[in-house]
Asks: 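Okay, here's the structure, questions in a sec.
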Amino acid sequence: MTAQDKQLLSPSNVDTRVRRLRPQTGMEQRFLILRDRTWRILLSASVICYASIGCSISGSPAAVSPLSQQTSTPGQVRQADDAGNRLPFVTPFPNRWNSNNDGTQYEPCTAVTTDTLRRSGLVPESVVDVAKSDFQTARGCRWRFEGKQRSALSQSVGNLSDSEKDVLDYKVKNLRTMDWYPNLTIDGRTVIVGSLNDLECTASVQSGNAVVGTTVVRLGGENEPMDTMCQSAVDFLRSTLPQIPR
């Protein structure tokens, strides 16, 4: 990350429209204890419900696109991306690729290389699908940080809604949903950075009619300052940006 990026993500440069985190009440502190015990559930929820990928898209199940069907045959569950690269796991969900995430052909689970993961401090063998149900909007993968049990990074894809033409529209639509930081420009592409809570940060970029979001989640005693989590998310997105279509 450049020195300019770090300055933009520092707490002193947070957009004045961003709502600040409130001091924790006694009830909130007790909730944090319970949350630490149930971190796996919360981790999945954060991955599914980050940025535009899992929270703002509505819709009902529909057939996958003809392009998506090219790698499957009747009676089989699709296990490869549009280029024929197989997923690093076996998915049981026939609609993992669906009309809520077909705005780009980018598939994080096959595009991110082992070298990129290791340079980012992630364990390649820890890969899991972010999908927890069939026809889920978020399509992507999650990896655990080396030496950490409650910290992970995910990269997922989800379509923009009909009323959003780009990531800036999404940000405006969700000004009250997330804490937003100043936009970044990486290789001529706009990157929006925001967080749902004090445990995670997401950096997102547009790809076709979809958003590709990178989310870092730190739980339990592995919590980090917000600017550190955001830096990790931005750095990972930057390293994968050449593979992400515009």
Side-chain angles (χ1 to χ4, degrees), residues 1-6 8-9 40 43-44 46-48 50-51 53 71 78-91 96-97 101 103-131 138-158 167 184-193 195 200-208 210-219 222 224-246:
M1 174 176 284
T2 66
Q4 183 180 13
D5 291 350
K6 293 179 181 179
L8 285 173
L9 290 174
R40 292 183 185 275
L43 181 58
S44 298
S46 293
V47 169
I48 294 171
Y50 79 89
I53 304 307
T71 54
R78 179 181 176 182
Q79 302 294 334
D81 63 17
D82 289 328
N85 301 307
R86 292 190 63 83
L87 296 171
F89 47 79
V90 176
T91 177
R96 182 180 181 275
W97 285 269
N101 57 42
T104 178
Q105 294 184 19
Y106 181 69
E107 173 53 62
C109 301
T110 58
V112 180
T113 66
T114 297
D115 287 344
T116 296
L117 293 170
R118 287 176 176 160
R119 284 196 300 268
S120 301
L122 299 165
V123 181
E125 298 77 16
S126 67
V127 61
V128 294
D129 195 354
V130 301
R139 168 172 60 80
C141 274
R142 183 173 73 246
W143 300 269
R144 180 174 49 80
F145 281 99
E146 183 73 40
K148 305 292 184 180
Q149 297 300 317
R150 301 185 178 185
S151 300
L153 179 147
S154 68
Q155 190 173 76
S156 302
V157 174
V167 291
L184 303 175
T185 300
I186 303 177
D187 294 338
R189 302 172 71 173
T190 299
V191 174
I192 58 174
V193 183
S195 60
E200 62 84 37
C201 184
T202 295
S204 304
V205 69
Q206 186 171 354
S207 177
V211 173
V212 178
T214 298
T215 300
V216 170
V217 180
R218 299 281 192 178
L219 298 175
E222 298 171 4
E224 291 182 339
M226 183 59 66
D227 59 341
T228 301
M229 288 191 292
C230 291
Q231 176 178 331
S232 296
V234 169
D235 286 347
F236 188 86
L237 180 60
R238 186 195 302 272
S239 70
T240 58
L241 200 58
Q243 285 73 49
I244 302 174
R246 289 182 178 270

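Heads up: numbering here begins at 1 and tracks the sequence. FYI, side chains are in, hydrogens and waters are out, and symmetry mates aren't considered; it's all heavy atoms of this structure.
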Asks: Report the C-alpha separation of T214 and L153 in whole Å, then their side-chain angles, then the decisive distance to 0.1 Å, and conclude whether the side-chain contact (heavy atoms from CB on, under 4.5 Å) test is met.
Replies: CA-CA 7 Å; T214 298; L153 179 147; 3.9 Å; yes

Asks: Does the side chain of V123 reach to within under 4.5 Å of the side chain of L117, using non-hydrogen atoms?
Replies: no

Asks: If you compare all heavy atoms of R139 against all heavy atoms of V130, which two are closest, and at what distance to 0.1 Å?
Replies: C-CG2, 4.1 Å

Asks: Does the side chain of S195 pick up a donor-acceptor pair with the side chain of E200 at under 3.5 Å?
Replies: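 Their side chains do not contain a donor-acceptor pair, so the 3.5 Å distance test is not met.
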
Asks: Just by modelled atom types, is the C109 backbone N or O under 3.5 Å from a matching donor or acceptor in the N85 side chain?
Replies: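 Flag not set: sc N85 to bb C109 has no pair under 3.5 Å.
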
Asks: Working to the nearest 0.5 Å, report the span between OG1 of T113 and CD of Q243.
Replies: 7.0 Å

Asks: Could you tell me the separation between the CD1 atom of I244 and the CG atom of D187, rounded to the nearest 0.5 Å?
Replies: 10.5 Å

Asks: Taking the side chain as C-beta and beyond, is there a heavy-atom pair between V157 and P108 under 4.5 Å?
Replies: yes

Asks: Between W143 and V112, is a side-chain contact (heavy atoms from CB on, under 4.5 Å) present by the stated rule, with each step listed?
Replies: CA-CA 11 Å; W143 300 269; V112 180; 4.2 Å; yes

Asks: Measure the OG1-CD1 distance between T202 and I192 for me, rounded to the nearest 0.5 Å.
Replies: 9.0 Å

Asks: Give the intermediate values and the outcome of side-chain contact (heavy atoms from CB on, under 4.5 Å) for residues F236 and T215.
Replies: CA-CA 9 Å; F236 188 86; T215 300; over 6 Å; no

Asks: Tell me the closest heavy-atom pair linking Q206 and G208, and the distance in Å.
Replies: NE2-O, 3.0 Å

Asks: Show the nearest heavy-atom pair for residues V205 and T190, with the distance to one decimal.
Replies: CG2-O, 3.6 Å

Asks: List in chain and number order the residues that pass side-chain hydrogen bond (donor to acceptor under 3.5 Å, both in side chains) with E222, two or more places apart in sequence or in another chain; answer none if no residue qualifies.
Replies: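 If we apply the side-chain hydrogen bond (donor to acceptor under 3.5 Å, both in side chains) test to E222, skipping adjacent residues, the hits are S151.
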
Asks: To check you understand the geometry: which heavy-atom pair defines the closest contact between R78 and D81, and what is its length?
Replies: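 Closest approach of R78 to D81: NH2-C, 3.2 Å.
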
Asks: Any non-hydrogen side-chain atom of V216 less than 4.5 Å from a side-chain atom of T228?
Replies: no

Asks: Locate the shortest heavy-atom distance separating P245 from S207; write the atom from each residue and the value.
Replies: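 Nearest pair, atom of P245 first, then S207: O-OG, 2.7 Å.
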
Asks: Apply side-chain contact (heavy atoms from CB on, under 4.5 Å) to the pair R96 and E107, showing each step before the final yes or no.
Replies: CA-CA 11 Å; R96 182 180 181 275; E107 173 53 62; 3.0 Å; yes

Asks: With rounding to the nearest 0.5 angstrom, report the SG to CG distance, C141 to L122.
Replies: 12.0 Å

Asks: Between SG of C201 and CZ of R218, what distance do you get to the nearest 0.5 Å?
Replies: 12.0 Å

Asks: Are any non-hydrogen side-chain atoms of Q79 and V90 less than 4.5 angstrom apart?
Replies: yes

Asks: Identify the two heavy atoms, one from A138 and one from S156, that lie closest to each other, and give their separation to 0.1 Å.
Replies: CB-CB, 4.3 Å

Asks: To the nearest 0.5 Å, what is the distance between CZ (R119) and OG1 (T114)?
Replies: 10.5 Å

